[in-house]
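See below for the structure under consideration.
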Amino acid sequence: MRTQAILLVLALATPTLVFSSDAGATSRKCSSNNNRLDPASKKFMSDCSDQTFCSGPDVATSTCIPRECRRDEFPFGFSAGAPLPPLCPRGTFCPDEGSGCRPLVPPGRPCELNRDEQCAPPADWAQLASTQNFNGSICLHSVCRHANATLGERCVTDITTYLDVGPSGEQVDNTVTRDDCQSPKFYCDPSQLVCQETLAVKSACQTDQQCTSLNCAAGICIDPPATPAHVAQRQCALTAAAMVGAMIATCVGLTFLHRRNRLQHARELRDYYYQQTSLRRFIIELHEGAAGHYVNEKSL
Ligand SMILES: *[C@@H]1O[C@H](CO)[C@@H](O)[C@H](O)[C@H]1NC(C)=O
Ligand SMILES: *[C@@H]1O[C@H](CO)[C@@H](O)[C@H](O)[C@H]1NC(C)=O
């Protein structure tokens, strides 16, 4: 009887709970003015959850409503199997808050941190595109630019430090320096703010940006990590020659060893036959001697 009563209470309470949590998420009062980036991790933050965005700046009338687009194939904050808002079609982008697709932004207009793909590509995007920009566009200090500055031209550099807490509670920081010089040929010299040529592997450097390989270690430009090791042709030839030489030496050595064994065996065999023939001769002589003795005795 008591269990039944508890079950009844649960059955009545469950829909109410679901309804109230839903209502809490969507009709929560908010202001889009509170949209911000976390100062340490630079993650997008707002008054609303990861599945919703704030409908406007006015706290009196604004509520959290379901997101209208997503920027990633697998967006953060949605449980497996939950219906996802759509991705944006080509030529548009989904802002961090997910408030619906918007057309790409021309150079000089605002963009969001680390969202180069919000900026419209330049006409010569094929020449300017590199791993350091998106289709030749780059978002620096929250403004869209084309990464088209060449040697000696003025450039803009954006240094962003991301802070996070590591597995054992220690602070982990990651500083990313980006600029609008044509990459990977040029980098923005931070002291003069002028594009300079990047340095080849093995040149002396102070920062990763100075190296064409984007990897400065112990004051020297080195190949980026995960570069396949390059073996010089001379080394390949030398290694092959050494291997062939070792094989030939082994064959020759074994042949000599075999020949020596055979010679020794032949010598033993010859000695054996000599011994046999001398023994035989000795026996024959013995016989002949005995026969001679017998004849002599008879004739006496
Ligand atoms: C770069 O832009 C061109 C022109 O808009 C477009 O055709 C191409 O697909 C873009 N590339 C990428 C990787 O988005
Ligand atoms: C670089 O792109 C900007 C924006 O499109 C343009 O105003 C500027 O003239 C370009 N500079 C060069 C050197 O092509």
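These numbers come from a predicted model, not from an experiment. Every number for a ligand or one of its atoms is a count from 1 in the order of the listing. Hydrogens, waters and symmetry mates play no part in the numbers below; they use all other heavy atoms, side chains included.
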Given D180, N148, L128, which one has a non-hydrogen atom that is nearest to atom 3 (C) of ligand 2? N148
State if P107 counts as touching ligand 2 under the rule of any non-hydrogen atom under 4.0 Å. yes
If you measure from the Lys or Arg side-chain nitrogens to the Asp or Glu carboxylate oxygens, is any gap between R115 and E117 under 4.0 Å? yes
Distance from Q171 atom CD to D173 atom CG, nearest 0.5 Å? 6.5 Å
E153 versus ligand 2: do any nitrogen or oxygen atoms come within less than 3.5 Å of each other? no
Qualifying residue for side-chain hydrogen bond (donor to acceptor under 3.5 Å, both in side chains) with D47, from N34, N33, T63, T52: N34
Does the side chain of T161 pick up a donor-acceptor pair with the side chain of T175 at under 3.5 Å? yes
Using only heavy-atom distances, determine whether the side chains of S41 and D38 contain a donor-acceptor pair under 3.5 Å. yes
Atoms of ligand 2 less than 4.0 Å from H146 heavy atoms? 2 (O), 4 (C), 5 (O)
Looking at atom 7 (O) of ligand 2, is any protein heavy atom nearer than 4.0 Å to it? no
